[in-house]
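Here it is, the structure, as structure tokens.
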Amino acid sequence: MGPRRILPVLVALLGAGLWFALTRPDAREGAAERPEVAASQTNAAPPSDPVPRPSAADDAPSSARAPDAHAGPPARGDASGVEPTKPPSAAPAIALRGRVLDVRGGALAGVDIAIRGVGEALATSDGAGSFAFELPAGETEVVLVARASSGFATVRACHVERHDVAADHMLIAARAIALAGTVVDEAGIVLAGVEVEAAVPDALLTAFPFARDRMERVRHRTTTDARGAFALAGAPYVEAARVVAAFAGYTSADEPLPSSDRDDLLLTLERPRAPEGLDVSGFVYFEDGSPAPHATVRFRSHAATSAADGSFVFRIPANENAPEDEADFVALAAGLEGFTPALVPRFDRVLIDAAPYAPAPLELFLGGPAPSISGRVLDGDGNGLAEWRVQIRGGVPVSTDNLPIENAESLAGYVDAQTGDDGAFELSGLLDRDYEVWAYHASTLQAVEAAAVPAGTHDLELRPDRGQLFERVEGVVVSRAGQPLPSAHVGATRVTARSKSGLLSVSGSSATTDENGRFVLLGVPREGVRLSVGGSDVVPESYVIGASDDPTALTLSVARRCHFQLRVRGDVAGLNVSLLDATDKALPIYAFQSNGWMSTPRRQIEETGTTPVLAVSEDAKVLVLLRGADEVLRHSVLFLADGVTTIDVEAP
């Protein structure tokens with residue numbers, strides 16, 4: 001049977017560690033609609049103990065990777081039972097080239113280039129900012145930085161991968177300065193443990209005229225010692241950059257970055273005044289009515305820990321709006337490990353009904369010992385399967401702000417476990433109800449699930465079917481014009497968590513296309529898995545292998561990545577840009593960096609009127625400016641696949 005072309009389905013893979021950490025002020029770039037963030041969970045084997053609940057610092061996904069990031073094939077003897085491909089021999093040294101530029105794209109000479117974490121200089125930039133170096137033998141990817149000893153500091157590092165031999169590798173640097181000083185509170189008392197950073201936010205790079213797809217943010221920061229003192233050598237001086245000092249419980253100090261060395265900086269932090277809003281308060285009790293201290297009370301992004309008398313309080317700011325869709329209402333819950341959680345269902349409705357006043361103090365009663373679900377993940381012969389992740393589905397959400405979504409059950413136990421050598425697992429902190437239990441292997445992407453499992457079940461057996469796997473998936477990646485694309489990344493991915501703002505996934509078998517655009521994957525599950533295609537010259541796309549498709553003769557069509565920079569004259573207040581294809585369908589607008597990407601159907605225009613260099617599919621034909629929901633300008637565009645297309649328009 002001849003090859004069948006599979007219709008692409010765009011997928012945005014969520015992002016945290018994302019290099020677009022939304023909690024960092026210097027990383028926020030406005031968008032008219034909530035963006036999708038790509039991220040992937042790492043495939044490193046977690047410990048055999050139950051997976052711990054995330055802390056507040058875990059709100060954003062970590063180790064964010066773009067869809068073209070790929071993991072190696074399954075290791076010999078893993079749960080797939082498929083013979084893996086042999087690992088390649090150590091690659092030889094390879095010659096590469098690059099440039100060092102300032103934040104406006106000007107050349108910087110005399111900058112020593114090194115691999116991050118390795119002190120030795122690889123090269124020094126010449127008068128044109130150019131340098132050449134060899135990627136050491138055996139290295140598949142490195143990050144290039146400017147050495148501080150040459151008088152320059154890295155603003156954005158360069159991520160280098162072996163397959164991008166022809167790429168012009170760029171990094172951004174600036175003159176290095178040394179900063180030192182002291183951090184105190186409003187009473188002049190020194191503060192230890194304060195994070196001090198020389199921050200160069202993305203907003204200061206909008207004039208940079210080249211794509212930053214292969215670049216990584218470099219953070220120059222330190223922490224104050226017991227005397228409140230800090231020293232920060234090699235900070236990059238960029239006009240309008242800031243010195244920021246942040247400490248829990250205080251407002252951040254934010255001052256202009258000095259233009260030269262300073263050793264007498266004095267940064268003052270103040271305790272914030274309580275914002276206007278509603279106080280949610282109450283008490284948490286055990287079943288017998290005695291106070292329950294140390295319980296966690298959570299509603300959306302707000303949380304408190306009950307005191308010795310069971311009391312708790314947290315504040316919801318006045319400017320925090322309830323979800324417009326009642327389907328997004330979530331519960332308030334109190335949880336304490338080992339006890340059944342207490343719930344106030346649809347607490348958003350409680351707040352709306354009480355507005356503009358605070359709701360009456362709550363009385364939350366924990367239940368008795370929380371039931372659990374335990375069992376084993378087994379192969380067809382009844383042998384235990386190790387390193388399988390086991391999770392519940394259908395929990396009671398208390399927050400949809402983070403991924404994975406936090407449930408009431410996670411406040412009282414462990415709802416995400418990993419099997420030991422005997423395949424055993426236990427999910428705890430559950431309510432007295434039925435759950436769906438599912439398990440997956442992070443390398444092979446095999447999965448198995450059981451529906452309507454009552455809490456209290458302790459003999460659950462999950463048996464993945466080896467027949468779920470395609471032993472071999474192969475085909476060719478082509479451009480929209482049908483030309484084979486070498487050096488594209490093709491990998492199997494499985495979504496493990498999803499929300500309105502994005503998703504998390506794990507990656508399995510992967511490959512890089514050869515000079516004829518061909519690829520081969522081994523051991524790909526038949527269901528619940530997509531083939532993701534990416535690369536430095538294409539936009540991410542994903543595909544589903546249909547029931548009628550021949551998995552050994554696939555043709556995957558992808559669009560070239562086109563870079564552009566929009567410059568708008570006139571009043572840009574409230575303006576957003578959208579890009580449409582020939583059928584007037586809105587296309588994702590991408591912002592790439594080496595360790596992730598973010599896409600949105602609309603992009604807010606910066607106050608300067610100039611966007612950073614962004615990317616879009618070659619399918620884009622029309623640019624539209626919108627103010628709110630109103631279209632104010634429609635402009636035909638022709639994007640070039642090479643270089644950066646500059647678009648100048650006048651705002652009405």
Side-chain angles (χ1 to χ4, degrees), residues 1-11 13 38 40 65-74 80 82-88 91 140 161-167 213 444-445 469-494 505 507-562 581 587-588 590 592 597 615-619 641-642:
M1 180 171 66
R4 289 180 58 99
R5 185 178 302 275
I6 301 177
L7 293 177
V9 181
L10 284 174
V11 138
L13 298 177
S40 67
R65 297 291 301 172
D68 55 351
H70 57 285
S80 70
V82 177
E83 183 68 19
T85 55
K86 294 182 179 180
T140 59
E161 296 187 76
R162 176 172 292 274
H163 64 270
D164 282 337
V165 176
D213 298 5
T444 67
L445 304 190
L469 296 176
F470 290 118
E471 292 194 5
R472 188 179 181 91
V473 171
E474 58 184 299
V476 62
V477 177
V478 299
S479 68
R480 290 284 195 257
Q483 297 299 315
L485 293 177
S487 300
H489 298 278
V490 183
T493 62
R494 180 182 290 278
S505 68
S507 300
S509 179
S510 65
T512 300
T513 57
D514 63 17
E515 63 274 11
N516 298 313
R518 301 202 62 81
F519 67 91
V520 176
L521 305 178
L522 300 181
V524 176
R526 294 175 179 269
E527 297 181 353
V529 170
R530 295 178 182 271
L531 298 184
S532 294
V533 182
S536 59
D537 298 320
V538 300
V539 296
E541 301 205 43
S542 67
Y543 307 81
V544 175
I545 301 176
S548 61
D549 294 312
D550 181 353
T552 62
L554 301 176
T555 299
L556 309 182
S557 172
V558 296
R560 293 177 299 173
R561 186 188 304 182
C562 298
D581 66 11
L587 299 173
Y590 294 92
F592 286 91
W597 53 266
V616 70
S617 159
E618 65 177 314
D619 299 328
D642 298 323

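We're numbering straight along the sequence, starting at 1.
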Member of Thr513, Thr512, Val476 meeting the side-chain contact (heavy atoms from CB on, under 4.5 Å) criterion with Phe519: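 Among the candidates, only Thr513 passes.
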Could you measure the distance from the OG atom of Ser617 to the CZ atom of Arg480? Nearest 0.5 Å is fine.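 Answer for the OG-CZ pair, Ser617 versus Arg480, is 5.5 Å.
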Got a donor-acceptor contact below 3.5 angstrom from the Glu541 side chain to the Val558 backbone?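 Pair absent, no side-chain N/O of Glu541 close to backbone of Val558.
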Side-chain heavy-atom pair Val520, Arg472 within 4.5 angstrom cut-off: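 They are in side-chain contact.
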To the nearest 0.5 angstrom, please state how far the CG atom of Leu587 sits from the CD atom of Glu618.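 Output value for this atom pair is 11.0 Å.
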Of all heavy-atom pairs between Ala488 and Val477, which one has the smallest distance, and what is that distance?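 Between these two residues, the closest heavy atoms are CB-CG1, 4.2 Å.
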Report yes if the side chains of Glu474 and Arg518 come closer than 4.5 Å at any heavy-atom pair, otherwise no.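 Of all side-chain heavy-atom pairs linking Arg518 with Glu474, at least one is under 4.5 Å.
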Interatomic distance, Leu531 atom CG to Ser510 atom OG [nearest 0.5 angstrom]: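 These two atoms lie 11.5 Å from each other.
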Given the rule in the side-chain hydrogen bond (donor to acceptor under 3.5 Å, both in side chains) test, do Thr493 and Ser505 qualify, once you have shown the distances and angles that lead to the verdict? CA-CA 6 Å; Thr493 62; Ser505 68; 5.2 Å; no
Provide the closest heavy-atom pair for Ser507 versus Leu445 in the form atom of the first, atom of the second, distance.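 Reported closest heavy-atom pair: C-CD2, 4.0 Å.
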Has Arg561 got a side-chain atom pairing as donor or acceptor with Gly535's backbone, closer than 3.5 angstrom?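 Looks like yes, one N/O pair under 3.5 Å.
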First locate atom CZ of Arg494, then atom OG1 of Thr444, and finally report the distance between them rounded to the nearest 0.5 Å.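 Taking CZ in Arg494 and OG1 in Thr444, the distance rounds to 8.5 Å.
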Looking at Asn516, is its backbone amide N or carbonyl O close enough to the side chain of Asp514 to form a donor-acceptor pair, meaning the two atoms are under 3.5 Å apart?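 Yes, because the side chain of Asp514 sits within donor-acceptor range (under 3.5 Å) of the backbone of Asn516.
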If we only count heavy atoms from C-beta on, is the Val473 to Val490 side-chain gap below 4.5 Å?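 Side chain of Val473 against side chain of Val490, heavy atoms only: no contact under 4.5 Å found.
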Carefully, step by step, assess Tyr543 and Thr555 under the rule side chain to side chain contact (heavy atoms under 4.5 Å, CB included). CA-CA 10 Å; Tyr543 307 81; Thr555 299; over 6 Å; no
Evaluate the side-chain proximity of Leu485 to Val533: yes if any heavy-atom separation is below 4.5 Å, no if none is.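 The answer is no; the side chains never approach within 4.5 Å.
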Show the nearest heavy-atom pair for residues Ala511 and Leu521, with the distance to one decimal.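 For Ala511 versus Leu521, the nearest heavy atoms are N-CD2, 3.6 Å.
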Starting at CD of Glu527, measure out to CD1 of Ile545 and round the result to the nearest 0.5 Å.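 Between Glu527 CD and Ile545 CD1, I get 11.5 Å after rounding to 0.5 Å.
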Check the orientation of Phe592 and Trp597. Use parallel for under 30°, tilted for 30 to 60°, and perpendicular for over 60°.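 Geometry flag for Trp597 against Phe592: tilted rings.
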Please report the shortest heavy-atom distance between Asp549 and Pro551, naming the atom on each side.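 Closest approach of Asp549 to Pro551: O-CD, 3.3 Å.
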